[in-house]
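One-based numbering, in listed order, for ligands and for the atoms of each. Heads up: numbering here begins at 1 and tracks the sequence.
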Amino acid sequence: MKINMIFRNFLLLILMLMTVNCSVEETTPKAVLVIHGGAGWIKRGSVSDSLEHELSETLKASLIKGRAVIAAGGSSLDAVQEAIKHLEDSPLFNAGKGSVFTYNETNEMDSAIMDGATGNAGAATGIQTIKNPIEVARAVLDNSVHVFLSGAGAEEFALEQGLTQVNPDYFFTQKNYEKLLEAKKSTKEIKQDKLGTVGAVALDVRGNLAAGTSTGGMTNQRYGRIGDVPVIGAGTYAENGVCGISATGHGEYFIRYVVAHDIAARIKYAHQHIQQAANDVIAALKDKDGLGGVIGLDAEGHVVMPFNTPGMFRGYISLDGEPVVAMYAD
Ligand code: ASP
């Protein structure tokens, strides 16, 4: 009798868990590419209609460019690079052209890209004169025996690889300069209104996952500070059969809690659905005062985009659908 009860309860529990998993499975959209343009204090009404339009058009164009690579049979790595490059060329996001300033009024950019098929990765930090930092990361992945290059060494390598160099003035934007002056006046060490980093995760027709991230860091950061973006497993991670993740937020927390890899580990070892894994990690991060979000795809292309800030610029696209973009939490 007692054994029957235990058995019945056990079956009920299994049934409940299956139902939860099925509903998560059914409600999670699928895509071949997901991108972000940073998380932060992005609230309805705080962005003008024209800026909102410009932001959403730039995100859509990035999605369409990245998807074109995959539709033509290209690799997820190429799609990630293409999507990120488009966002780096825009002054609207905190990466490449729109990178924010350090306390010393310099722009120091970080980037990373990871190939889920091979586990190979490339990362760069302290980039000051290369137009597209994501290309430095990609060149490290493809043409170097190393994973992570910094500062002058990274720039020299980028030039050897034939990447485009620009005058540091190219990265000057009035809005970011004013943001720095404002942050210097603030009593807070780092002002985090809109973080604005960019990232992409793609799944190609061969089932290969890739993830990449690019950033100007945080306004008013010390020169030499490195965030989570180029730290593999913190801000960027991809593993075939598991997931690809790109993060945005207060980098110190993403490094300390190894956010991207924590999500992957929950999927891989605890067999969690990516939606649950990503939601739980981002919610737990908030409890520890870590603000930000992630985007990700699992091996079947399920999309996740959780964040614990008021908003996050984000979007995804399937092989044949329209791009879907969003900014606010509601
Ligand atoms: N995670 C980036 C950093 O800490 C900032 C951001 O996401 O906007 O450098």
**Q.** Close approach of Gly217 to ligand 1, heavy atoms, under 4.0 angstrom
**A.** yes
Q. Can Gly249 be said to touch ligand 1, with heavy atoms closer than 4.0 Å?
A.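 Heavy atoms of Gly249 do come under 4.0 Å of ligand 1.
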Give the atoms of ligand 1, by number and element, whose distance to some non-hydrogen atom of [X] is under 4.0 Å.
| X | answer |
| --- | --- |
| Thr248 | 6 (C), 7 (O), 8 (O) |
| Asp228 | 1 (N), 2 (C), 3 (C), 4 (O) |
| Gly196 | 8 (O) |

Q: Could you tell me whether Thr197 and ligand 1 have an N or O pair separated by under 3.5 Å?
A: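 For ligand 1, there is an N or O atom that lies under 3.5 Å from one belonging to Thr197.
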Q.
Below the 3.5 angstrom mark, is there an N/O of Gln221, backbone or side chain, next to an N/O of ligand 1?
A. no
Is [X] salt-bridged to [Y], cutoff N-O under 4.0 Å?
| X | Y | answer |
| --- | --- | --- |
| Glu105 | Lys184 | yes |
| Arg222 | Glu108 | no |
| Asp89 | Lys131 | yes |
| Lys97 | Glu88 | no |

(Q) Before you tell me yes or no, could you show the steps for Ser75 and Asp204 under side chain to side chain donor-acceptor pair (under 3.5 Å), namely the whole-Å CA-CA distance, both residues' side-chain angles and the distance that decides it to 0.1 Å? (A) CA-CA 6 Å; Ser75 71; Asp204 64 30; 5.3 Å; no
Q.
Minimum distance, heavy atoms only, to atom 4 (O) of ligand 1: which one of His36, Met312, Arg225, Glu108 is it?
A.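 Shortest heavy-atom distance from atom 4 (O) of ligand 1: Arg225.
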**Q.** Thr197 versus Thr215, side-chain donor and acceptor atoms under 3.5 Å
**A.**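 Side chains of Thr215 and Thr197: pair found under 3.5 Å.
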